[in-house]
Each structure stands twice: as structure tokens, then as C-alpha cells.
Amino acid sequence: PPPTGETARPGDDGASGRPDDRRMREDLDGRLRRLRACRDADAIIELGCDLADAGRDADAERCFRRAAELGDSLGWFNLGNSLAARGRVAEAVAAYERALAGGERDAWVNLGLVLEELGDLAGAMRAYRGAGAAGDTQGGLQLAFLLHEQGEQEQALAVAAELAATGDDVAAAVVACWRWAASHDT
């Protein structure tokens, strides 16, 4: 999943070419004018992603909000990312929660990140646990790091070790680092 502030496209494989800037700007303006009549959430999200890529954040947010209003969980997810990137984290929480309610599992980690930013560490831990339960190892690692930062080193190590046991190389490296650091603390 993309980190907070990055958009996800329907069926995105991460590889796409971009037209030249002027032609794209003109195309974006035309597509944006047709937005009101559009009921295709995937097309609206695609436009929102293109607008975000072009730095047109307010227009991108408008697209994601429109897709969300059509009931699209990816629209809610991208709206959360857009709001979080613009510092509107309290609004992002609501958008991520709606994305999760619609089945968008990738929203767990980003929900945790914005809750952490708001100082709701218990909520962030619940979100990271939700991510882990959904099979997102990044959520499990975020939980481990948050626990570690809160002075819960043994619990953090247990969470990271559990992830490492599943074959996650990053979690294994974290466990190795933490064990090394603990063996060298005086």
C-alpha cells in the first residue's frame, strides 16, 4: 500500500508512462469539467491520482471525495491520504475508517499513522494490530516500533520476532538490531 499522502489507483501495478506536462494539464482540465456527470468511481479515482501527480491537491481531493460519495472504499482511502498529506489528520481518520468499513484493508496502517500523529497511541496500536490481522506486516512493524518507543521493549521484540518467524526479512533485521543493542547496553 502507498504510505500516507500517496494515492492508489484501481488495479495499480506501479508502472505507467506520463504524457507531456502541457497536454496532460489540458487533458486534466477537460476531464475535471466532466466530473459532475461521471458515475464511474474508477475513472474518478484515476483522475484524482493524475491531479495529485500534477500537484493539484485540491482538485484531487475533490475527485476522491466524489468517488467516496459514490460508495467506493478506494475513494475513501485516497481521500484519507489526500487529507493527511494536507495536514487535515482528524478528517483523514474518518475517511480511513470509512475505507475500512468498505473493506479497504490497506487503510489500517495509514489510520494508525494519523492516530499516532494525533497523539492517540492506543488507537494507533489498535489500527496497527488490525493491519497485522489483515496480513500487512508493515502494520505489525509499526506496532513493534511504537511499543519500543513507549518503553515496552520486550513486547516490541515479541511482535517483531513473530513477524520474523513468518519470513519477513525486515522484521528479522529489526529483531537482530534490537537484540544486538540490548546485549551492548550497559
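All of these numbers come straight from a predicted model, not from anything done at the bench. Only heavy atoms go into these numbers, but all of them, side chains included; no hydrogens, no water, no symmetry mates.
- A donor-acceptor contact shorter than 3.5 Å links the side chain of Arg105 to the backbone of Ala134.
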Next on the checklist: Pair Cys63, Leu51 - check side-chain contact (heavy atoms from CB on, under 4.5 Å), show working.
Outcome noted: CA-CA 9 Å; Cys63 289; Leu51 288 162; 3.5 Å; yes
Item to check | Glu116 vs Tyr128, side chain to side chain donor-acceptor pair (under 3.5 Å): CA-CA, chis, key distance, verdict | outcome: CA-CA 10 Å; Glu116 198 172 339; Tyr128 295 145; 2.6 Å; yes
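- Contact record, Ala160 with Ala171: O-CB, 3.6 Å, taken as the closest heavy-atom pair.
- Nearest heavy atoms, Phe77 versus Glu104: CB-CG, 3.8 Å.
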Checklist entry - Between Phe145 and Trp178, does a ring pair (Phe, Tyr, Trp, His ring centres under 6.0 Å) hold up when you go through it step by step? => result CA-CA 11 Å; Phe145 288 128; Trp178 285 348; 5.8 Å; yes
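- Atom CG in Leu113 sits 11.0 Å away from atom CG in Leu118 (nearest 0.5 Å).
- Shortest non-hydrogen contact noted between Gly48 and Ala60 is O-CB, 3.3 Å.
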Checklist entry - Checking side-chain contact (heavy atoms from CB on, under 4.5 Å) for the pair Val114/Asn110: CA distance, chi angles, key distance, verdict? => result CA-CA 6 Å; Val114 294; Asn110 290 4; 5.9 Å; no
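- For the atom pair CG (Leu163) and CG (Asp168), the distance works out to 6.0 Å, reported to the nearest 0.5 Å.
- Atom-to-atom distance recorded for Ser73:OG and Arg98:CZ is 11.0 Å, nearest 0.5 angstrom.
- Put simply, CG on Leu157 and SG on Cys177 are 11.5 Å apart, with the number rounded to the nearest 0.5 Å.
- In this structure, Glu61 does not pair ionically with Arg66, as no charged nitrogen and carboxylate oxygen lie closer than 4.0 Å.
- Remark: Phe64 CZ to Leu79 CG distance equals 8.5 Å, nearest 0.5 Å.
- Of all non-hydrogen atoms in Ala67 and Ile45, the two that sit nearest each other are CB-CG1, 3.6 Å.
- In this structure, Ala99 and Ala107 approach most closely via the heavy-atom pair CB-CB, 4.0 Å.
- Annotation: Glu162, atom CD; neighbour count of heavy atoms from other residues, nucleotides and ligands within 6.0 Å does not exceed 12.
- Residues Leu115 and Tyr96 have side chains not in contact (no heavy-atom distance under 4.5 Å, counting atoms from C-beta outward).
- Residue Leu146 is tested with Gln142, His148, Gln150 for a side-chain contact (heavy atoms from CB on, under 4.5 Å); the sole match is Gln150.
- What you find for Asn78 and Cys49 is that their closest heavy atoms are ND2-SG, 4.2 Å.
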Checklist entry - For Val159 and Glu154, what are the C-alpha separation, side-chain angles and deciding distance, and is it a side-chain contact (heavy atoms from CB on, under 4.5 Å)? => result CA-CA 9 Å; Val159 169; Glu154 286 182 31; over 6 Å; no
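- Atoms CD1 and CG, from Ile44 and Asp72 in turn, are 8.5 Å apart once rounded to the nearest 0.5 Å.
- Contact check for Asp50 versus Arg56: no side-chain heavy atoms found under the 4.5 Å cut-off.
- No side-chain heavy atom of Leu83 sits less than 4.5 Å from a side-chain heavy atom of Val89.
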